[in-house]
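Input: a single structure, listed below in structure tokens.
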Amino acid sequence: MLTVSDAHLQYGASQALRGVSLDITEQKITCVLGRNGVGKTSLLRAVIGQHPLSHGDVQFDGSIFTKKHVHDRARAGIGFVPQGREIFPLLTVKENLQTGFSALPRAQRSIPDTIFKLFPVLKEMLSRRGGDLSGGQQQQLAIGRALVLRPKLLVLDEPTEGIQPSIIKDIGRALVSLRDQGITILLVEQYLDFCREIGDHITIMDRGQIVHAGAPESLDQERVRAFLTV
Ligand SMILES: Nc1ncnc2c1ncn2[C@@H]1O[C@H](COP(=O)(O)OP(=O)(O)OP(=O)(O)O)[C@@H](O)[C@H]1O
Ligand SMILES: [Mg+2]
């Protein structure tokens with residue numbers, strides 16, 4: 001469904017991706033793990049179109065997306081949940097969800113009920129301000145906002161960062177349920193156990209490159225830990 005081929009990405013003189021190739025299988029959860037600063041977010045920026053590649057290609061659903069604008073990628077069905085959530089604190093939960101409408105044609109501008117089935121707390125809190133929610137609730141809201149687009153591919157950047165364990169479990173269950181409903185998931189994480197629980201494929205990054213990949217049960221645990229511990 002999504003193929004990244006030999007991606008190189010630079011911020012001025014500093015190179016964040018050095019030849020990353022990755023195949024994301026349809027209706028599976030692919031996890032990308034790695035320490036701070038190895039280029040995980042940069043890889044997602046390349047996928048969603050937030051930063052250009054200096055070399056390489058991104059293909060989605062059989063078309064070349066490398067030069068496509070971020071809005072066109074969203075319209076094509078790539079939903080994004082950013083690192084740090086980026087909820088609008090002064091907008092209500094409902095208004096935060098409605099910001100997801102911007103890439104949708106007018107006739108499709110409604111909030112799908114599946115979002116409230118996954119995260120009932122959002123329905124209870126529809127008229128509360130985003131800033132009044134707990135970190136875990138804001139993360140659920142950020143995922144809900146991405147789902148408003150009815151994405152084919154959902155891309156998430158460290159959704160468990162700073163979240164309490166009970167909500168991490170809810171988020172894990174929600175992602176598995178979305179996969180089972182046919183959504184493809186690309187998940188960046190630093191939390192290995194979460195990926196082992198819900199991931200179908202695990203990819204490890206180090207210094208702008210992919211250094212290890214496989215099914216969770218086939219991974220060389222020692223190598224994985226060596227790449228993840230500081
Ligand atoms: N906007 C930017 N301008 C300049 N350098 C950047 C920028 N964003 C990231 N970098 C650098 O690029 C490298 C990769 O950063 P990136 O954010 O992709 O890492 P990451 O794996 O997502 O890290 P973290 O786990 O902390 O989120 C780092 O060295 C970082 O300092
Ligand atoms: Mg990051």
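Counting starts at 1 for both ligands and their atoms, in listed order. What you are looking at is a predicted structure, and each value in this text was computed from that prediction instead of being measured.
- Side-chain contact between T25 and D200 is absent, with no heavy atoms from C-beta onward closer than 4.5 Å.
- Checking D57 against T66 by side-chain atom types alone, a donor-acceptor pair falls below 3.5 Å.
- For the pair A16 and ligand 1, the shortest N or O to N or O distance does not fall below 3.5 Å.
- A donor atom on one side chain and an acceptor atom on the other are not found under 3.5 Å apart for Q137 and D132.
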Apply the test side chain to side chain contact (heavy atoms under 4.5 Å, CB included) to residues V70 and F80: give CA-CA distance (whole Å), side-chain angles for both, the deciding distance (0.1 Å), then the verdict.
CA-CA 10 Å; V70 63; F80 182 50; over 6 Å; no
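- Counting heavy atoms under 4.0 Å from ligand 1, residue Q190 touches it through the side chain alone.
- Residues L22 and V32 are in side-chain contact: their nearest non-hydrogen atoms beyond the backbone lie under 4.5 Å apart.
- Residue side and main chain included, T41 places an N/O/S atom under 2.8 Å of the Mg ion (ligand 2).
- Between the Mg ion (ligand 2) and Q83 there is an N/O/S contact shorter than 2.8 Å.
- Screening L2, I78, L154 for a side-chain contact (heavy atoms from CB on, under 4.5 Å) with L186, the sole residue that qualifies is L2.
- Looking at S14 next to ligand 1, no N or O pair under 3.5 Å apart turns up.
- Atom 28 (C) of ligand 1 has as its closest protein heavy atom G37 O, 3.7 Å.
- The single protein non-hydrogen atom nearest to atom 16 (P) of ligand 1 is S42 OG, 3.7 Å, given as residue, atom name and distance.
- Atom 9 (C) of ligand 1 has Y11 CE1, 3.4 Å as its closest protein atom, hydrogens excluded (heavy atom only).
- In summary, the atoms of ligand 1 found under 4.0 Å from a heavy atom of E158, numbered by their order in the structure, are 24 (P), 25 (O), 27 (O).
- L147 and L133 fall within the same hydrophobic cluster, defined by Ile, Leu, Val, Met, Phe, Trp and Tyr side-chain heavy atoms under 4.5 Å apart, directly or through other members.
- For atom 17 (O) of ligand 1, the closest heavy atom belonging to the protein is T41 CB, 3.7 Å.
- The nearest protein atom to atom 25 (O) of ligand 1, hydrogens excluded, is given as K40 NZ, 2.7 Å; this is a heavy-atom distance.
- The side-chain heavy atoms of Q221 and R196, taken from C-beta on, include a pair separated by under 4.5 Å.
- The hydrophobic clustering, which links ILVMFWY residues whose side-chain heavy atoms are closer than 4.5 Å, places L104 and L153 apart.
- Atom 3 (N) of ligand 1 is flagged as protein-proximal [any protein heavy atom, distance under 4.0 Å].
- For the residues V32, N36, V38, the heavy atom positioned nearest atom 26 (O) of ligand 1 is part of N36.
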Please determine whether side chain to side chain contact (heavy atoms under 4.5 Å, CB included) holds for the pair F116 and I111, giving the CA-CA distance in whole Å, both sets of side-chain angles, and the decisive distance to 0.1 Å.
CA-CA 9 Å; F116 303 121; I111 299 170; 3.8 Å; yes
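- Atom 27 (O) of ligand 1 has Q83 NE2, 2.9 Å as its closest protein atom, hydrogens excluded (heavy atom only).
- Close contacts between ligand 1 and R45 involve ligand atoms 8 (N) [criterion: under 4.0 Å to a heavy atom].
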